[in-house]
**Student:** 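Okay, handing you the structure first.
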Amino acid sequence: MSISTVSYALSGKRSISPSTRDRVEQAAARLGYQPNAGARMLAGRRTNIFALTEPFRPDTHAPTHMSFVLATSIAARRFDYDILLLTDAEASAGMRRVSASGLVDGILVLDVAPRDDRVALARSIEVPTVFIGVPEDAEGLVCVDLDFEAASALAIDKLADAGHGRVGFVGHSEDAYERSNFPRRVRHGLEVAAQRRGIALSVVSPREGEAGRGDLRDGLRRLLQDSDVTAIALHCDDSAHRLVLAELAAARLSVPGDVSLVSIGSTFDTGSLSTPIDRIPLDPHASCELAVELAARLADGDTVEAGVRLLAPQYRDSGSVSPPR
């Protein structure tokens, strides 16, 4: 078999009989052959690399962000892609760099801000781009995310159906509502659902950092002093969940006997806490798997309709909700 025939079989540039292609691919597999990425780039072919733009900032909650990086990497390998992680604090800089170099076949966007600079850039470059998150202006973009509004409504309905009329909400700092797309969607979803069900909502929004722990304690104590608050919805990190449970224990309040708890959009297992908590999880694997699939289709030249694809929330019952006493 000639060198040119082998080259054509591997490159797909010319029509080769199925039997010949099979023989070449079997031989390549036995020899452990992998096409040279640099040569493929010079030839203008696919690189089998996706860029993942995930800006790391001083306030980044590393466990949550890394769960998405890992989920994206695992999904990419199933589609025979590797991940190039772009961690520039100025997120658009790395994205602009790889799009100009032809280094990647697609770009996946994490940590999406409501008004994200990468939105305009995605519209101006030829490299296929998929957002894992939903900016305020999603016109013409391909976006994937959990339906946070529906998740909030699911939490409120669970509490309302159990008979709770006043609910506390422990959320993120006010800065987070400006910086990230999903906290405001959770809070808005709670407000809309609470109004629909006739529930009064009391919000605790602590500052970031160590000062925020004091804010959270003070806010919880105010909630617990309000005898009408019989349930709390949580959208915060794992340490805040533990602090809530510690404060309830210190106040000699039981879950769910005295206070019912629901966690919204958690990426960690709230069932493994000292007191298991019902959760409506944010599953990084589900959203990243779909995002990578869409990016791979775009890289293959398939037509993928622009739009927001929201994953339906799922309720995980751990026995932390009951009727108020």
Side-chain angles (χ1 to χ4, degrees), residues 146-172 177 182-206 213 215-283 286 310-325:
L146 174 68
D147 191 336
F148 284 102
E149 291 86 353
S152 295
L154 188 57
I156 288 293
D157 285 340
K158 176 75 173 182
L159 295 172
D161 291 346
H164 296 277
R166 188 175 189 89
V167 174
F169 171 53
V170 174
H172 290 271
Y177 290 99
F182 59 91
R184 60 171 56 192
R185 291 161 56 202
V186 169
R187 187 166 68 179
H188 177 69
L190 282 170
E191 292 168 347
V192 170
Q195 184 176 26
R196 172 174 55 83
R197 294 300 302 262
I199 286 179
L201 194 66
S202 300
V203 177
V204 175
S205 185
R213 297 180 67 81
D215 291 346
L216 180 52
R217 289 190 184 94
D218 292 342
L220 280 169
R221 288 165 186 169
R222 286 195 300 272
L223 284 181
L224 298 177
Q225 288 169 2
D226 184 345
S227 59
D228 291 336
V229 172
T230 55
I232 299 175
L234 305 166
H235 183 229
C236 45
D237 63 23
D238 52 341
S239 64
H241 279 66
R242 293 187 180 91
L243 193 151
V244 169
L245 291 174
E247 288 296 316
L248 290 175
R252 300 182 181 277
L253 296 173
S254 65
V255 177
D258 296 308
V259 180
S260 291
L261 298 177
V262 179
S263 178
I264 304 169
S266 57
T267 57
F268 57 94
D269 183 9
T270 61
S272 65
L273 295 171
S274 58
T275 299
I277 299 176
D278 288 16
R279 65 191 292 238
I280 304 166
L282 169 59
D283 181 5
L310 296 177
L311 304 178
Q314 303 294 322
Y315 196 96
R316 303 283 185 257
D317 195 330
S318 292
S320 67
V321 174
S322 70
R325 290 178 176 175

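Both backbone and side-chain heavy atoms feed into the values below; hydrogens, waters and symmetry mates do not. Computed from a predicted model, the values in this text were never measured in an experiment.
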**Student:** Less than 3.5 Å apart, which donor and acceptor atoms pair up between the side chains of residues 270-277 and the rest of the protein, not counting sequence neighbours?
**Tutor:**
residue, atom, partner, partner atom, Å
Thr270, OG1, Ile277, O, 2.6
Ser272, OG, Asp269, O, 2.8

**Student:** Is the shortest side-chain heavy-atom distance between Leu223 and Val259 below 4.5 Å?
**Tutor:** no

**Student:** Can you measure from CG (Leu311) to CG (Asp147) and round to the nearest 0.5 angstrom?
**Tutor:** 8.5 Å

**Student:** I'd like to check the side-chain hydrogen bond (donor to acceptor under 3.5 Å, both in side chains) partners of Arg196; sequence neighbours left out, ordered by chain and number.
**Tutor:** Asp157

**Student:** What pairs with Asp283 under salt bridge (charged side-chain N to carboxylate O under 4.0 Å, His left out), at least two apart in sequence or on another chain?
**Tutor:** none

**Student:** One pair to check against side-chain contact (heavy atoms from CB on, under 4.5 Å): Glu247 and Leu253. What are the steps and the verdict?
**Tutor:** CA-CA 9 Å; Glu247 288 296 316; Leu253 296 173; over 6 Å; no

**Student:** Please find the pair of heavy atoms, one from Val167 and one from Ala233, that lie closest to each other, and give the distance.
**Tutor:** CG1-N, 4.0 Å

**Student:** Atom CG in Leu243, atom CG in Leu248: separation rounded to 0.5 Å?
**Tutor:** 9.5 Å

**Student:** Quick one: closest heavy-atom pair of Pro256 and Val321, and the distance?
**Tutor:** CB-N, 3.8 Å

**Student:** Tell me, please, which residues at least two apart from Asp317 pass salt bridge (charged side-chain N to carboxylate O under 4.0 Å, His left out).
**Tutor:** Lys158

**Student:** Could you check if a side-chain atom of Leu201 sits within less than 4.5 angstrom of a side-chain atom of Gln195, using non-hydrogen atoms only?
**Tutor:** no

**Student:** Return the CG to OG distance between Leu159 and Ser322, rounded to the nearest 0.5 Å.
**Tutor:** 10.0 Å

**Student:** Tell me every residue that passes side-chain hydrogen bond (donor to acceptor under 3.5 Å, both in side chains) with Ser318, counting only those two or more places apart in sequence or in another chain.
**Tutor:** none

**Student:** Checking Asp278 side chain against Gly319 main chain: does a donor-acceptor pair fall under 3.5 Å?
**Tutor:** yes

**Student:** Do you know the tightest heavy-atom contact between Pro324 and Ala162?
**Tutor:** CD-O, 3.4 Å

**Student:** Report the distance from atom CG of Leu216 to atom CZ of Arg221, rounding to the nearest 0.5 Å.
**Tutor:** 9.5 Å

**Student:** Please list, chain by chain and in numerical order, all residues satisfying ring pair (Phe, Tyr, Trp, His ring centres under 6.0 Å) with His172, sequence neighbours excluded.
**Tutor:** His235

**Student:** Just jot down the salt bridge (charged side-chain N to carboxylate O under 4.0 Å, His left out) partners of Arg184, sequence neighbours excluded, or say none.
**Tutor:** Glu136, Glu178

**Student:** For Phe169, what residues pass the ring pair (Phe, Tyr, Trp, His ring centres under 6.0 Å) criterion, not counting sequence neighbours?
**Tutor:** none

**Student:** So which heavy atom on Ser205 is nearest to which on Tyr177, and how close?
**Tutor:** OG-CE1, 3.9 Å

**Student:** Return the set of residues passing side-chain hydrogen bond (donor to acceptor under 3.5 Å, both in side chains) with Ser266 (not counting sequence neighbours), or none when no residue passes.
**Tutor:** Arg279

**Student:** For a 4.5 angstrom cut-off between non-hydrogen side-chain atoms, does Val262 reach Leu154?
**Tutor:** no

**Student:** Name all residues meeting the salt bridge (charged side-chain N to carboxylate O under 4.0 Å, His left out) criterion together with Glu149; count only those two or more places apart in sequence or in a different chain, and write none if there are none.
**Tutor:** Arg185

**Student:** I'd like to know if Asp238 and Arg242 make a salt bridge, using a cut-off of under 4.0 Å between side-chain N and carboxylate O.
**Tutor:** yes

**Student:** How far apart are the closest heavy atoms of Ser152 and Leu190, and which atoms are they?
**Tutor:** CB-N, 3.4 Å

**Student:** For residues Val204 and Leu220, determine if any side-chain heavy atom of one lies less than 4.5 Å from a side-chain heavy atom of the other.
**Tutor:** no

**Student:** List the residues meeting side-chain contact (heavy atoms from CB on, under 4.5 Å) with Arg325, not counting sequence neighbours, and say none if there are none.
**Tutor:** Ser254, Asp258

**Student:** Which atom pair, heavy atoms only, marks the closest approach of His241 to Cys236?
**Tutor:** CE1-O, 3.1 Å

**Student:** Can you tell me how far CZ of Phe148 sits from CD1 of Ile264, rounded to the nearest 0.5 angstrom?
**Tutor:** 10.0 Å

**Student:** Quick one: list whatever passes side-chain hydrogen bond (donor to acceptor under 3.5 Å, both in side chains) with Ser260, sequence neighbours left out.
**Tutor:** His164

**Student:** Would you compute the distance between atom CD1 of Ile280 and atom CG of Leu234 and round it to the nearest 0.5 angstrom?
**Tutor:** 11.0 Å

